[in-house]
Amino acid sequence: MKYLEIFTVESNIALNKTCFLLVLRSPVSLETVAAGQFVSIEVKGEDERILRRPISIHDVDKTNNLLYLVVQRIGKATNRLAEIKKNDEISLVFPLGNGFAIEGEKPLLIGGGVGTAPLYLLAKEFKSRGIVPDILIGARTNEQLFLTNRYSALGNLSISTEDGSVGERGLVTQNSVLKKDFDVIYSCGPTSMMRAVADLAKKRNIKCYLSLENRMACGIGACLCCVNENKEGHNVCVCTDGPVFLSDDIKL
Ligand SMILES: Cc1cc2nc3c(=O)[nH]c(=O)nc-3n(C[C@H](O)[C@H](O)[C@H](O)COP(=O)(O)OP(=O)(O)OC[C@H]3O[C@@H](n4cnc5c(N)ncnc54)[C@H](O)[C@@H]3O)c2cc1C
Ligand code: FES
């Protein structure tokens, strides 16, 4: 079931130069929210209304009805979201998308940039099942990292930065943690990174889930603006069939 509800902003905290953490209070239970799902958030402006934007669910506090989103300022909508303040009201359609299938005993979670955001709730889910995931985060520089202490509280954290400012220098696919044995990989981030992760998983015969962040408009399967080709050459809607797909099922 999907909801259209007005949330109240509890806080808006800057995490680094471009990313911020929104904590939103829901008027309804968030019990059904699952890792890997997303919300479609209304962005108000004085001059014009712009389309709702898809943002992944970073975390959820089901006891207190709080939803956590990490947003990166990239354009008009996300810059407006960066301005919202405590007690502002904001309309959300949620929960959208299929979410991650939780499986495996030795999972590796690979996030790039703000694509790391949805992996937090996934790591939390593994931890609640007694499984300590490996979490590998990639960024261009340490200035783009966020909430690393929260991730390291849930799993074994490794970091790759392209400039070597934190963790190992290079791309996530070069990180030494990949020498370990994994039975499932989950990844979200730039397409080029997910393509490299999918290639690596295929070579090592590891099941791999990718969370796609195609541009969206309606978020509910009506406009077809988010379609992606699957391996059979058919179009699938990332908003309703995804955003999570098995890497073997999707063309990137
Ligand atoms: C399922 C899903 C989950 C997402 N989760 C998050 C999240 O947790 N945090 C977050 O910050 N963002 C997330 N995004 C991306 C976010 O929706 C876009 O960054 C946002 O809509 C951009 O709006 P804007 O008006 O600020 O930028 P625009 O003015 O629309 O775009 C600015 C620039 O960014 C590019 N761009 C915009 N959207 C995307 C995109 N989806 N992929 C690649 N390039 C894009 C545009 O081509 C343009 O060059 C998610 C997207 C999807 C589909
Ligand atoms: S965003 Fe409209 S169909 Fe997916």
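All values below were derived from every heavy atom in this structure, side-chain atoms included, with hydrogens, water molecules and symmetry-related copies excluded. Start at 1 with the first residue, then count along the sequence. In each ligand, atom 1 is the first atom listed, and ligand 1 is the first ligand listed.
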For ligand 2, which atoms have a heavy atom of [X] less than 4.0 angstrom away?
| X | answer |
| --- | --- |
| Gly221 | 3 (S) |
| Cys226 | 1 (S), 3 (S), 4 (Fe) |
| Cys239 | 1 (S), 3 (S), 4 (Fe) |
| Ala217 | 1 (S) |
| Ala222 | 3 (S) |
| Leu224 | 2 (Fe), 3 (S) |
| Gly219 | 1 (S), 2 (Fe) |

I'd like to know if [atom] has any protein heavy atom within a distance of less than 4.0 Å.
| atom | result |
| --- | --- |
| atom 17 (O) of ligand 1 | yes |
| atom 43 (C) of ligand 1 | no |
| atom 40 (C) of ligand 1 | yes |
| atom 4 (C) of ligand 1 | yes |

Provide, to 0.1 Å, the distance between [atom] and the closest protein heavy atom, together with that atom's residue and name.
| atom | answer |
| --- | --- |
| atom 14 (N) of ligand 1 | Pro54 O, 3.4 Å |
| atom 53 (C) of ligand 1 | Asn214 O, 3.0 Å |
| atom 30 (O) of ligand 1 | Arg215 NH2, 2.4 Å |

With heavy atoms of [X] as the reference, note each atom of ligand 1 found under 4.0 Å away.
| X | result |
| --- | --- |
| Gln72 | 10 (C), 11 (O) |
| Thr78 | 24 (P), 26 (O) |
| Lys76 | 24 (P), 25 (O), 26 (O), 29 (O) |

Exercise for the section: Examine the side chains of Asn230 and Asp249 and answer whether a donor and an acceptor come within less than 3.5 Å of each other. Expected result: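 No, no side-chain donor-acceptor pair sits under 3.5 Å.
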Exercise for the section: Verify the distance criterion only: is there a donor paired with an acceptor across the side chains of Arg195 and Ser247 at less than 3.5 Å? Expected result: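 Note: Arg195 and Ser247 side chains miss the donor-acceptor criterion.
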With a 4.0 Å cut-off, would you call [X] and [Y] a salt bridge?
| X | Y | answer |
| --- | --- | --- |
| Arg169 | Asp163 | no |
| Glu10 | Arg25 | yes |
| Lys207 | Asp183 | no |

Problem - Rounded to 10 degrees, the angle SG of Cys223 makes with SG of Cys218 at atom 2 (Fe) of ligand 2 - result: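 Here the angle at the metal atom is close to 110°, to 10°.
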Just how far is it from atom [atom1] of [X] to atom [atom2] of [Y], taken to the nearest 0.5 Å?
| X | Y | atom1 | atom2 | value |
| --- | --- | --- | --- | --- |
| Leu145 | Leu15 | CG | CG | 11.0 Å |
| Asn175 | Thr161 | CG | OG1 | 10.0 Å |
| Cys239 | Arg215 | SG | CZ | 14.0 Å |

Handout entry: Phe182 six-ring face occupied by Arg204 cation (under 6.0 Å, within 45°)
Key =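 No, cation not above the ring by the 6.0 Å, 45° rule.
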Problem - Metal site atom 4 (Fe) of ligand 2: N/O/S of Cys237 inside 2.8 Å - result: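 Checking atom 4 (Fe) of ligand 2 against Cys237, no N, O or S atom falls under 2.8 Å.
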Side chain or backbone, does [X] bring an N or O within less than 3.5 Å of an N or O on ligand 1?
| X | answer |
| --- | --- |
| Gly75 | yes |
| Ile74 | no |
| Leu212 | no |
| Arg53 | yes |

Under 4.0 Å from ligand 1, counting heavy atoms only, is it the side chain of [X], its backbone, both or neither?
| X | result |
| --- | --- |
| Val70 | backbone |
| Val43 | neither |
| Glu213 | both |
| Ile55 | both |

Handout entry: Phe100 ring center near Phe126 ring center (under 6.0 Å)
Key =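 Distance test on ring centres: not under 6.0 Å, no.
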Problem - Option set Gly219, Cys239, Ser56, criterion heavy-atom distance to atom 6 (C) of ligand 1, minimum - result: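 Shortest heavy-atom distance from atom 6 (C) of ligand 1: Ser56.
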Problem - Mutual orientation of the aromatic rings belonging to Tyr151 and Tyr120 [parallel < 30°, tilted 30-60°, perpendicular > 60°] - result: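 Aromatic pair Tyr151/Tyr120 classed perpendicular.
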Practice task
Find out whether Val39 and Leu69 are in side-chain contact, i.e. whether some heavy atom of one side chain is under 4.5 Å from a heavy atom of the other.
Solution key: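 The answer is yes; the side chains approach within 4.5 Å.
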Exercise for the section: Could you check if a side-chain atom of Pro27 sits within less than 4.5 angstrom of a side-chain atom of Phe7, using non-hydrogen atoms only? Expected result: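 Pro27 reaches Phe7 side chain to side chain.
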Exercise for the section: Could you check Ser176, Ser158, Ser160 and say which one makes a side-chain hydrogen bond (donor to acceptor under 3.5 Å, both in side chains) with Glu168? Expected result: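 Only one of Ser176, Ser158, Ser160 forms a side-chain hydrogen bond (donor to acceptor under 3.5 Å, both in side chains) with Glu168, namely Ser176.
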Practice task
Give the C-alpha distance, both sets of side-chain angles, the deciding distance and a yes or no for salt bridge (charged side-chain N to carboxylate O under 4.0 Å, His left out) between Asp248 and Lys231.
Solution key: CA-CA 7 Å; Asp248 281 344; Lys231 285 280 158 73; 5.1 Å; no
Handout entry: Intermediate values then yes/no, salt bridge (charged side-chain N to carboxylate O under 4.0 Å, His left out), Asp134 and Lys106
Key = CA-CA 8 Å; Asp134 273 87; Lys106 290 175 284 184; over 6 Å; no
